[in-house]
Participant: 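Quick one: the structure is below, and I'll ask about it shortly.
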Amino acid sequence: MEGVKRFFGVEEAGSTVSREVVGGLTTFATMSYIVFVQPTVLAACGMPFGSVLLATCLSSAAACILMGVVAKYPFALAPGMGENFLFAFTVCGTAAMGGMGFSWQAGLAIVLISGAIFLVLSLFGAREKLLDVLPDCLKNAIGPAIGMFIAFIGLQWGGVVVHSPATMVALGSFSHWGPALLTVIGVLAIAAMMALNVRGGILIGILATTALAVITGVIPWPEQSVDFSAETFFSLNFGELAANWHRALVAILLFFFLDLFDTVGTLVGVGKQAGFIGDDGKLPRAGRAFASDAAGTCIGALCGTSTVTSYIESATGVA
């Protein structure tokens with residue numbers, strides 16, 4: 001235990017191992033939705049659910065370990081929301097749906113190439129220099145924008161916001177006990193505990209809301225088990241990219257810039273909250289953090305999932 005404290009500088013940061021464990025569990029509980037959302041989204045382009053779920057867990061674990069050991073930052077990583085929809089419906093979507101029509105095997109090859117480019121740029125410090133060049137107003141705006149995007153998805157899945165053909169969005173139904181009412185109760189409980197400075201309040205709120213949902217039947221028990229497989233592992237198709245290189249190049253650039261701003265926004269947003277950003281506005285060991293993020297994308301592509309990136313939900317563990 002003493003070796004762990006020294007390696008990560010726990011005491012120097014004014015923290016304790018137990019506090020770090022609670023922070024880690026809080027981050028996991030906040031972002032664990034991706035374990036189920038990711039295979040559901042990628043199944044839309046024909047990818048096997050069980051294999052994508054396994055790939056999501058393994059690549060996320062590998063990327064988180066890299067970020068912790070190499071960069072020594074509490075930035076958790078997993079397949080990104082937004083990137084997965086781009087993968088399933090734009091890159092691998094049919095032409096009739098407005099997609100590029102690539103197979104999911106070719107899509108994984110595209111993700112691997114974009115991740116490899118990121119890794120090379122990170123090793124040579126190019127991404128770190130880009131972080132310094134971007135204006136503060138842009139860097140500070142990306143994090144809240146990602147947070148609003150994730151919050152909106154949460155409100156949709158929680159039933160608080162529903163689709164409306166007239167106004168695009170409308171308020172969900174609160175007339176009976178269901179996901180919408182449970183979501184509001186959970187959010188208010190977490191907000192109250194945070195206002196009262198209850199340590200671990202976010203984690204307590206998530207676990208209590210989950211327990212209440214199971215007891216009341218809002219979250220049903222699974223009726224069947226998931227069939228795990230390794231069908232997506234190392235199933236990349238580069239030949240299809242060569243035959244359609246012009247469209248492949250566009251897709252690579254799409255993933256490149258989406259992951260770039262996703263990572264920059266998260267590192268700056270969570271880094272400022274955690275006090276990692278110095279007075280000079282720079283993030284120490286930024287190069288290592290970028291390299292860990294890029295390596296996570298490469299590992300995810302080889303396992304069979306879309307772009308792995310740093311998660312803004314890491315802010316809950318910091319809190």
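Sequential numbering from 1 along the given sequence is applied to the chain's residues.
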Participant: For residues Thr30 and Thr27, is any side-chain donor paired with an opposing acceptor at under 3.5 Å?
Facilitator: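 No pair is found: no donor N or O on one side chain lies under 3.5 Å from an acceptor on the other.
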
Participant: Is the shortest heavy-atom distance from the side chain of Leu236 to the side chain of Gln105 under 4.5 Å?
Facilitator: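 When only atoms from C-beta onward are counted, Gln105 and Leu236 do not touch, as no gap falls below 4.5 Å.
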
Participant: Within the 4.5 Å heavy-atom criterion, are Glu20 and Phe8 side-chain neighbours or not?
Facilitator: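 No. Closest side-chain heavy atoms not under 4.5 Å.
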
Participant: Step by step, work out the side chain to side chain donor-acceptor pair (under 3.5 Å) result for Asp259 and Thr309.
Facilitator: CA-CA 7 Å; Asp259 189 24; Thr309 187; 2.9 Å; yes

Participant: Do the side chains of Thr305 and Thr232 get nearer than 4.5 Å, heavy atoms only?
Facilitator: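 SC-SC contact between Thr232 and Thr305 ruled out.
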
Participant: Can you hop from Ile153 to Val169 via hydrophobic side chains spaced under 4.5 Å?
Facilitator: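 Looking at the clustering, Val169 is in a separate group from Ile153.
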
Participant: Can Gln38 and Ser306 be counted as having a side-chain donor-acceptor contact under 3.5 angstrom?
Facilitator: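 Judged by distance alone, the side chains do pair up.
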
Participant: Flag yes if Leu260 and Phe85 sit in one hydrophobic cluster, no otherwise; membership is Ile, Leu, Val, Met, Phe, Trp, Tyr, and two members link when side-chain heavy atoms are under 4.5 Å apart.
Facilitator: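 Cluster IDs for Leu260 and Phe85 match.
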
Participant: Applying the 4.5 Å side-chain criterion to the ILVMFWY set and letting contacts propagate, would Val268 and Leu138 be lumped into a single cluster?
Facilitator: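 Cluster IDs for Val268 and Leu138 match.
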
Participant: Would you say that Ile117 contacts Ile252 through its side chain, given a criterion of any heavy-atom pair below 4.5 Å between the two side chains?
Facilitator: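 Yes; the side chains approach each other to less than 4.5 Å.
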
Participant: Taking side chain as C-beta onward, heavy atoms only, is Val22 less than 4.5 Å from Arg19?
Facilitator: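 Heavy-atom side-chain distance check fails, nothing below 4.5 Å.
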
Participant: Report the distance from atom CD1 of Ile142 to atom CG of Leu267, rounding to the nearest 0.5 Å.
Facilitator: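 Ile142 CD1 to Leu267 CG: 10.5 Å, rounded to 0.5 Å.
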
Participant: Give a yes or no on whether Phe234 and Val52 share a hydrophobic cluster (residues Ile, Leu, Val, Met, Phe, Trp, Tyr; joining criterion: side-chain heavy atoms under 4.5 Å apart).
Facilitator: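 Yes, Phe234 connects to Val52 through the hydrophobic network.
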
Participant: Can any side-chain N or O of Ser51 pair as donor or acceptor with the backbone N or O of Met47 at less than 3.5 Å?
Facilitator: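 The answer is no, because no donor-acceptor pair under 3.5 Å joins these two groups.
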
Participant: Taking CZ in Arg199 as the centre, count heavy atoms belonging to other residues, nucleotides or ligands within less than 6.0 Å. Is the count above 12?
Facilitator: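 No - once you tally the heavy atoms of other residues, nucleotides and ligands closer than 6.0 Å, there are 12 at most.
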
Participant: With distance as the sole criterion, is a donor-acceptor pair present between the side chains of Glu313 and Tyr33 under 3.5 Å?
Facilitator: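 Checked: Glu313/Tyr33 side chains pair up, N/O donor to acceptor below 3.5 Å.
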
Participant: Contact between Phe290 and Leu119 at the side-chain level, heavy atoms closer than 4.5 Å - yes or no?
Facilitator: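 Heavy-atom side-chain distance check fails, nothing below 4.5 Å.
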
Participant: Can a donor-acceptor pair be found, under 3.5 Å and without considering hydrogens, that links the side chain of Glu240 to the backbone of Ser103?
Facilitator: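 Looks like yes, one N/O pair under 3.5 Å.
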
Participant: Around Phe28, counting heavy atoms of other residues, nucleotides and ligands shown, do more than 12 lie under 6.0 Å from its CZ?
Facilitator: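 Result for CZ/Phe28: open.
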
Participant: Is a side-chain donor-acceptor pair under 3.5 Å present for Ser310 with Thr266?
Facilitator: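 There is no such pair (donor and acceptor under 3.5 Å, judged by atom type) between the side chains of Thr266 and Ser310.
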
Participant: Is the closest side-chain heavy-atom distance between Leu258 and Leu254 below 4.5 Å?
Facilitator: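 A side-chain contact under 4.5 Å is absent here.
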
Participant: Under 6.0 Å between ring centres, would you say that holds for Tyr311 and Phe75?
Facilitator: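 Centroid distance Tyr311-Phe75: not below 6.0 Å, so no.
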
Participant: For Phe256 and Phe118, take the angle between the two ring planes, folded into 0 to 90°, and tell me which bin it lands in: parallel under 30, tilted 30 to 60, perpendicular over 60.
Facilitator: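 Ring orientation, 0 to 90° scale: parallel.
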
Participant: For residues Val270 and Tyr73, determine if any side-chain heavy atom of one lies less than 4.5 Å from a side-chain heavy atom of the other.
Facilitator: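 SC-SC contact between Val270 and Tyr73 ruled out.
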
Participant: For Val70, what are the other residues in its hydrophobic cluster, where any two members join if their side-chain heavy atoms are less than 4.5 angstrom apart?
Facilitator: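 So far as hydrophobic clustering goes, Val70 is joined with Leu66, Ile299.
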
Participant: Atom CZ of residue position Phe36 - does it have more than 12 heavy atoms of other residues, nucleotides or ligands inside 6.0 Å?
Facilitator: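 Count not over threshold, so no.
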
Participant: Test side chain to side chain contact (heavy atoms under 4.5 Å, CB included) on Phe255 and Val91; report intermediate values, then the result.
Facilitator: CA-CA 10 Å; Phe255 280 118; Val91 174; 3.7 Å; yes

Participant: Output, in order, the C-alpha distance, side-chain angles, deciding distance and verdict of side chain to side chain contact (heavy atoms under 4.5 Å, CB included) for Ser314 and Met31.
Facilitator: CA-CA 8 Å; Ser314 303; Met31 63 184 287; 5.6 Å; no

